[in-house]
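One structure is given below, encoded as C-alpha cells.
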Number of protein chains: 2
Amino acid sequence: MSSKKPTIKDVARLAGVSFKTVSRVVNNEAWVSDDIKTRVQAVIAQLNYQPNRTARLMRTAPFSLAFVYDNPNSHYVIEMQNGILSQCRQKGFELVIHPTDSHSGQVLQELTTIIGSNQVGGVILTPPLSENRELVQQLLAQQAKVVRIVSGSAPPDDLCPTIYVDDEQAGFSITRHLLTQGHRRIAFLGYHKDHQSSLGRYRGYCAALHEAGLTVSEQLVITGDFTFDSGVAMTEQLLQRGDKPSALFGCNDEIAAGALFTARMHQLAVPQDLSIVGFENSPFSRQTWPRLTTVHQPNAEIAAKAADLLIGLMLESEQHSEHCGFELQLVLRDSVSLLS
Amino acid sequence: MSSKKPTIKDVARLAGVSFKTVSRVVNNEAWVSDDIKTRVQAVIAQLNYQPNRTARLMRTAPFSLAFVYDNPNSHYVIEMQNGILSQCRQKGFELVIHPTDSHSGQVLQELTTIIGSNQVGGVILTPPLSENRELVQQLLAQQAKVVRIVSGSAPPDDLCPTIYVDDEQAGFSITRHLLTQGHRRIAFLGYHKDHQSSLGRYRGYCAALHEAGLTVSEQLVITGDFTFDSGVAMTEQLLQRGDKPSALFGCNDEIAAGALFTARMHQLAVPQDLSIVGFENSPFSRQTWPRLTTVHQPNAEIAAKAADLLIGLMLESEQHSEHCGFELQLVLRDSVSLLS
DNA sequence: AAAATTCATGTCAACGTTGTCATATTTTTA
DNA sequence: TAAAAATATGACAACGTTGACATGAATTTT
C-alpha cells in the first residue's frame, strides 16, 4: 500500500523503455514517437510518478528565489509575497521567504549561506536592503541573480534589473491635493534621513509647497518611522505645539492611522478639524474612520514584476538589465476637508 | 575571481585528505582526529566552502516543511509565518509557504505534488484545511508528516500531532465579560456553520448566556465570514432591525472593526451606545478607536509549537502523536461600557 | 541503390553529497 | 607478546535525475 515513491526507472521498467526515454517524455523533449509517448504517459499516470525535484536540481540551475525583506508591515509583506508567488507558480519556481534585520550586519552572511548552499539562485531585495549598493555587488559577485525594488524616478545604476517606484511624484500629487483643498499648514510625519521612500515623499511634499509659493516649515516636519506607534508619538508631538496644522501627511497608512487615533484622543474631528492623508493604500486605510485618502501602491503588481524579471534572469543566463518604473495614483476618500 | 563554488572534493584536495573525511568534519561525526579536524576546518574557512544542500538532500530526508493556509488575514498569516520561521531557523529547516483555496478541490493534488516531488517532508495544516480528516489521512498515506492546528478543547483524534485552541472557553469568557458589565442583548457576528472556530466561539457564547439564565435569540446571531466587509454588512443588517443590542461579539477583530466602522456611520458612539468586542488580538485591534476589547490568540507561539512538533516528527521516524492545547486570555480595552 | 540525413531510442557518466564496508593504525586486553 | 578492540581514514556505491554521445531504423537525397 504505502510503498516507496516511484522513480523514473520504475516507470521505464513498466513501460518497457529506457529511463532516458521517460525523462524525454517528462521534459517534453523532441524526438519521441507519439506511440511511446502515450504509453509512457499512461504508466506515469498509473504509478502516479512525480519527478524528484531534488535530483533534478543537481543537474540544473536552482529554481528557487528568495524574497528578502525587513519590514514590519504585514499587509505589505503579504501583498508582496502573493505577487511573487503568483509568478513562481506560473513558472514552476519556489519561493523562500527571508525576513531579516538590516541593522544586524548579518544580512550578507545570511544571504551568502542560502546562495552558497544552492538553496536559491536569485533574490528580490526590498528597501532598505535594496538601497545598499555594496550588498547588491557582493551578491552579484557570488553569481546570484538580483532584482531590487527601490524608491526613485529612475534606476540608480545598472547593477541589476531594478523596479523603481516614484515616491516623489506621488508625494507631490497628494500634497498638491491638500493644497487645492485650501490647506496651507501641512505637516509631514515620518521623515527619516536613512529611508529613501520617506525622502522621496518628502521631496515631493517640498516641491508641491514651493510650487504653491509656500516655504517648508521645519516645525511641521516630524521625524519617525513607518509604524502606528510612531504615528501616535509624532502626532502627539505636533499637537503639543502651539500653531497647529490643518492637514497632516502621513508617510504611510500606519502613521496616518496613528495620527487619526491621536486626533481622536484630542477630540479633533477628522477631517473637519484636521485633514489626514496616508500613503500605500493598504487594506487598513479602507477600514479606519474616516477612510483615508491615500496613494495607491500596487505592491502585488510590483512584486510580480520583480519576480518576473528575476525568473527571466535565472532562465536566460545573459545578465541584461531591464528596468521597470511604477507611477502611483491618488486615492480620494474621506479624510480630507475642503477649507473655505 | 568569480570561480565555481567549491565542493567537498576541493576541500579534500587542499587539505590532503579524502573527501569522506571532510564530510565527517562537516557533519561533526565521531572518529576524526583533532589534528585533521582543525586542518580541514581551516581549508573550509579559506575556501568559504558551503555544503550543497541539494546534493545532501538526495541522501537524507527532506528538511523543508510547508505552511498550508487559506486565510485572507494578513496579520494572522504573518504571525504564523514568523512563529514557524523562528523554529525552522533554529533547527536548520526550510519553510515553503503554500496559500491555497480550500474550496477549489485541488488542495490534495497540490500537496501531493510538493510532497511527491520531495519538496517538503511535512506540512502544517491550519483551519479550515486542518478540519478535513480525509485530507489528513491521504497526506499521511503519502508518508508525509502532518501537524494540524484546530479549534477545540481536545484533539479530535489521534491521526497526527495536533495543536488545539480552545475557542469555546474563550468565547465563553468574553461573553461573560459582557454579561458582568450588565449587557443582556448581545449579538453574535460571524456565525458560520462550516467554520469550527466560529462554532466554538458560538458555543461559548451560548453557554455564557445560558449560565446567566438568558436564551439565545436567533435574531441576534448573524451569519457571515471573518472579514471587515462582512462585519460591515452584518452590522448593517443588525442595525436595520428594530430591537438593537447593547453589545456585539465579533467573531474576530476584523468583524469587530467592521462593526465599529458601521456604528460610526450610524452615529452610534462606542462604547457608550454600543459595546463591541473582537477576537484574536491582532495588531489591528490596538489601532482602532476605541481600542478593542478582545481575546489574545498567540498565533506566533501556536505556530512555533506546531513547527516544533513537526520538526520533531521529521527527525525521529517514530510517529508518536503528541498534542498541545492553548488557552486564550481576555484582553480588556476600551470598547465595552458598563451598563447601569 | 548507395550515401546522407533525419528520427527514435539507448548507454553511460556526471552532479555533490552520505552510507557501507574495508583497511590501516593505535591502544587495550589476556 | 599475541590477540582483540578501539580509533582513524579511505574506496566506492548509491541517491534520481539530465546531458553527451552512440547506435540503429526510417526516410530522403544523390
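Here is the naming used below: chain letters follow the sequence lines, and residue numbers restart at 1 for every chain.
Under a 4.0 Å N-O distance rule, the pair B/D308/B/K91 qualifies as a salt bridge. By the 4.0 Å N-to-carboxylate-O rule, A/R148 lies close enough to A/D157 to be salt-bridged with it. Ion pairing of A/D34 with A/K37 is absent here, as no side-chain N (NZ or NE/NH1/NH2) approaches a carboxylate O to less than 4.0 Å.
Summarising the geometry, the separation between CG on B/N52 and P on D/dT17 is reported as 17 Å, rounded to the nearest angstrom. Whole-Å rounding puts the A/K9 NZ to D/dG16 P distance at 8 Å. Rounded to whole Å, the distance from CD on A/Q50 to C1' on D/dG16 is 14 Å. Rounded to a whole Å, the CZ atom of B/F19 is 8 Å from the C1' atom of D/dC12. For the pair A/E29 CD and C/dT6 P, the computed distance is 19 Å after rounding to whole Å. Between the CG atom of A/N28 and the P atom of D/dT18 there is a distance of 12 Å, rounded to whole Å. The CD1 atom of A/I8 sits 6 Å away from the P atom of D/dT18 (whole-angstrom rounding). In this entry the distance linking CD of B/Q119 with P of D/dG16 reads 17 Å, nearest Å.
The main-chain N or O of B/S102 is never found under 3.5 Å from a side-chain atom of B/T100 such that the two would form a donor-acceptor pair. The backbone N or O of A/H75 sits less than 3.5 Å from a side-chain atom of A/N73, completing a donor-acceptor pair. Counting only distance, with no hydrogens or angles, the side chain of B/R39 and the backbone of B/A15 share a donor-acceptor pair below 3.5 Å.
Distances shorter than 4.0 Å separate some side-chain N or O of B/S33 from OP1 or OP2 on D/dT9. In terms of phosphate contacts, B/S18 brings a side-chain nitrogen or oxygen within less than 4.0 Å of OP1 or OP2 of D/dG10. Remark: B/N27 is in phosphate contact with C/dT18, judged by side-chain N or O atoms under 4.0 Å from OP1 or OP2. OP1 or OP2 of D/dT18 sits under 4.0 Å from a side-chain N or O of A/S23.
Set against C/dT17, C/dT9, C/dC15, the side chain of A/T21 has C/dT9 as its closest nucleotide. The side chain of A/W31 approaches C/dC7 more closely than any other nucleotide in the set D/dT17, C/dG19, C/dC7.
Between the side chain of A/R24 and the base of C/dA8, no donor-acceptor pair under 3.5 Å is found. Contact of B/K20 with C/dG19 (side chain to base): a donor-acceptor pair of N or O atoms is detected under 3.5 Å. For A/R59 against D/dT18, a side-chain N or O and a base N or O form a donor-acceptor pair under 3.5 Å.
Between B/Q142 and B/T112, the closest side-chain pair of non-hydrogen atoms falls below 4.5 Å. Using a 4.5 Å heavy-atom threshold, the side chains of B/P51 and B/I8 count as separate.
B/V32 comes within 4.0 angstrom of sugar-phosphate atoms only, judged by non-hydrogen atoms across all strands, and of no base. The residue A/L57 sits apart from the nucleic acid: no heavy atom pair falls under 4.0 Å.
Nearer to the 5' terminus of DNA chain D, by closest-nucleotide assignment, is the contact made by B/V17 (compared with the other of B/V17 and B/M58).
A rotation axis mapping the C1' atoms of four pairs onto the next four is fitted at both ends of the helix from C/dA1-D/dT30 to C/dA30-D/dT1 over five pairs, and the angle between these axes is 40° to 10 degrees.
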